[in-house]
Amino acid sequence: MDERAALKLLAEELDDAGDDAAVVDGQVVTTDMLHETTDFPAGTTRYTAGWRAVGASLSDVAAMGASATAAVAVYAAPAFDADELRDFVAGAREVCETVDARYVGGDLDTLDEFTATTTALGRTDDPVARSGATAGDALCVTGTLGRSAAALRLFERGDHARANDLFRFEPRVAAGRALAPHATAMMDSSDGLARSVHQLAEASDCGFALDGDAIPVAESVREVADDDADERELSTFFGEDFELVVTVPEESVVDARDASPVPLTVVGEAVEEDIEMDGDPLSDRGYTHGRD
């Protein structure tokens with residue numbers, strides 16, 4: 001059973017599961033676990049790890065259209081190094097500051113590999129779920145895609161300074177709040193654009209038609225991609241960019257763009273059924289924990 005199958009099982013068992021975060025009486029809560037072997041390539045600093053781990057949970061808060069209030073983390077490692085621990089906390093604290101939230105501590109544990117488990121809290125009285133898209137809505141994304149894929153290539157090439165810079169991202173909390181009044185459905189792109197679209201389609205019982213040329217590709221992808229096909233692979237299927245994927249009524253696109261503090265690009269539209277890009281089926285591929 002892979003991560004998606006496990007999440008589907010839990011959504012059937014838990015009434016509050018199924019979106020990027022749970023919302024209980026206006027309180028938003030979400031948690032994530034990241035491991036050194038699967039989430040932090042060789043060369044990732046502890047500062048970047050703290051930023052990225054906490055940022056991933058803050059991104060889930062953003063996807064609900066909520067404000068962020070606080071975050072905590074469990075820091076687990078084979079041994080505690082003072083400089084590494086300080087760097088992790090510095091990264092965690094500073095990513096919180098970018099979204100007007102507070103990093104307020106957490107827990108320590110020993111483990112065979114470095115692992116960070118993070119929880120973020122937020123607030124909203126009107127959360128945006130994944131299930132509200134209808135045919136005719138515009139499909140949009142914030143920012144650009146492929147940044148994390150480019151970082152991974154640079155880690156592999158030994159350009160650790162540039163890779164760490166790309167691996168740190170600003171959670172789209174401000175954009176989520178600005179888009180919430182216009183959005184019919186929203187989630188973050190942690191699993192990649194293609195997989196996110198499939199998840200939105202499943203939740204909203206609709207299809208999507210995407211324009212591949214409209215996808216906003218990060219400039220860093222063009223620096224590392226082998227060719228156009230590789231560029232498309234990195235920007236559409238890799239994931240871990242933590243941008244927002246959102247549907248907006250066609251008549252609200254201009255207002256949504258004006259409200260968003262970051263660029264908002266229309267990449268397609270919701271349709272009655274099927275999921276296609278440029279007229280061809282769009283495969284359900286992306287980042288997934290675990291495997292069958």
Side-chain angles (χ1 to χ4, degrees), residues 2-4 20 32 34-45 47-49 51-60 62-63 91 95 116 139-172 175 187-200 210-246 262-265 267-268 275 277-278 282-291:
D2 66 13
E3 181 187 23
R4 290 190 68 194
D20 289 62
D32 295 277
L34 280 70
H35 301 279
E36 185 168 26
T37 55
T38 55
D39 299 291
F40 303 122
T44 304
T45 65
Y47 175 83
T48 295
W51 182 297
R52 190 169 179 85
V54 172
S57 289
L58 291 170
S59 181
D60 287 336
V95 73
L139 175 68
C140 310
V141 297
T142 59
T144 59
L145 301 177
R147 178 186 177 111
S148 289
L152 187 61
R153 291 276 176 94
L154 292 169
F155 275 121
E156 292 169 349
R157 296 175 185 180
D159 190 352
H160 294 167
R162 172 77 168 137
N164 274 281
D165 180 62
L166 290 174
F167 234 32
R168 297 189 294 270
F169 62 93
E170 181 177 342
R172 298 305 192 192
M187 65 179 295
D188 80 359
S189 67
S190 57
D191 293 337
L193 176 61
R195 177 144 292 167
S196 297
V197 168
H198 277 269
Q199 290 170 327
L200 283 177
L210 280 73
D211 176 1
D213 291 335
I215 295 173
V217 180
E219 189 60 38
S220 53
V221 171
R222 297 189 171 95
E223 297 171 9
V224 302
D226 297 330
D227 50 33
D228 289 346
D230 191 35
E231 182 179 300
R232 177 66 57 85
E233 179 71 22
L234 298 182
S235 59
T236 306
F237 298 102
F238 183 86
E240 295 288 282
D241 287 318
F242 302 100
E243 295 291 348
L244 298 178
V245 183
V246 55
V262 296
L264 184 71
T265 303
V267 296
I275 301 171
M277 178 182 286
D278 301 329
L282 179 64
S283 60
D284 184 4
R285 293 192 291 112
Y287 188 87
T288 300
H289 289 280
R291 60 185 180 184

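Not measured: the values here are computed from a predicted model. Scope of the values below: all heavy atoms of this structure, side chains included, with no hydrogens, waters or symmetry mates. Along the sequence shown, residues carry numbers from 1.
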Original post:
For the residue pair Gly143 and Pro216, what are the closest heavy atoms and their distance?
Top reply: O-CG, 3.4 Å
Original post:
How far does CD of Glu219 sit from CG of Leu166, to the nearest 0.5 angstrom?
Top reply: 11.5 Å
**OP:** Look at the aromatic rings of Phe242 and Phe169 and report parallel, tilted or perpendicular, splitting at 30° and 60°.
**Re:** parallel
**OP:** Find out whether Leu193 and Leu210 are in side-chain contact, i.e. whether some heavy atom of one side chain is under 4.5 Å from a heavy atom of the other.
**Re:** yes
Original post:
Would Met277 and Val197 satisfy side chain to side chain contact (heavy atoms under 4.5 Å, CB included), going step by step from the backbone distance to the final call?
Top reply: CA-CA 11 Å; Met277 178 182 286; Val197 168; over 6 Å; no
Original post:
When rounded to the nearest 0.5 angstrom, what is the spacing between CZ in Arg195 and CE in Met187?
Top reply: 10.5 Å
Original post:
What are the two closest non-hydrogen atoms of Ser283 and Phe237, and how far apart are they?
Top reply: OG-CE2, 3.5 Å
**OP:** Look at the side chain of Arg222 and the backbone N and O of Val217, then say whether any donor-acceptor pair between them is shorter than 3.5 Å.
**Re:** yes
Original post:
Is it true that a side-chain atom of His160 and a backbone atom of Thr45 form a donor plus acceptor pair closer than 3.5 Å?
Top reply: no
**OP:** Check the pair Asp211, Asp278 against side chain to side chain contact (heavy atoms under 4.5 Å, CB included), reporting the backbone distance first and the verdict last.
**Re:** CA-CA 5 Å; Asp211 176 1; Asp278 301 329; 3.7 Å; yes
Original post:
Per the side-chain hydrogen bond (donor to acceptor under 3.5 Å, both in side chains) rule, which among Asp32, Asp20, Asp188, Asp241 passes with Ser59?
Top reply: Asp188
Original post:
So do Glu240 and Arg52 actually touch side chain to side chain, heavy atoms under 4.5 Å?
Top reply: yes
Subject >> Distance, nearest 0.5 Å, that separates NE2 of His198 from CZ of Arg285 >> reply: 10.0 Å
**OP:** Can you see which heavy atom on Ala151 is nearest to which on Ala163, and at what distance?
**Re:** O-CB, 3.5 Å
Subject >> Atom of Glu231, atom of Val221 and distance for their closest heavy-atom approach >> reply: CG-CG1, 3.8 Å
**OP:** Check Ser196 against Val245 and note the closest heavy-atom contact, atom names and distance.
**Re:** CB-CG2, 4.1 Å
**OP:** Measure the spacing between CG of Leu264 and CZ of Arg172 and express it to the nearest 0.5 Å.
**Re:** 11.0 Å
Original post:
Looking only at side chains, do Ser220 and Arg147 share a donor and an acceptor under 3.5 Å apart?
Top reply: no
Subject >> Inter-residue atom distance Phe155.CZ - Phe40.CZ, 0.5 Å rounding >> reply: 10.0 Å
**OP:** Please answer whether the main-chain N or O of Pro41 pairs with a side-chain N or O of Thr44 as donor and acceptor at a distance below 3.5 Å.
**Re:** yes
Original post:
Can you find a heavy atom in the side chain of Arg232 that is under 4.5 Å from one in the side chain of Asp213?
Top reply: yes
**OP:** Give the C-alpha distance, both sets of side-chain angles, the deciding distance and a yes or no for side chain to side chain contact (heavy atoms under 4.5 Å, CB included) between Val95 and Arg168.
**Re:** CA-CA 9 Å; Val95 73; Arg168 297 189 294 270; over 6 Å; no
Subject >> side chain to side chain contact (heavy atoms under 4.5 Å, CB included) between Val224 and Arg157, intermediate numbers included >> reply: CA-CA 10 Å; Val224 302; Arg157 296 175 185 180; 3.9 Å; yes
Subject >> Nearest heavy atoms of Ala116 and Ala53, plus distance in Å >> reply: CB-CB, 3.9 Å
Subject >> Validation row: Leu145, Ser189 side chains within 4.5 angstrom (heavy atoms) >> reply: yes
Original post:
Are Val262 and Leu244 side-chain neighbours, meaning at least one heavy-atom pair lies under 4.5 Å?
Top reply: no
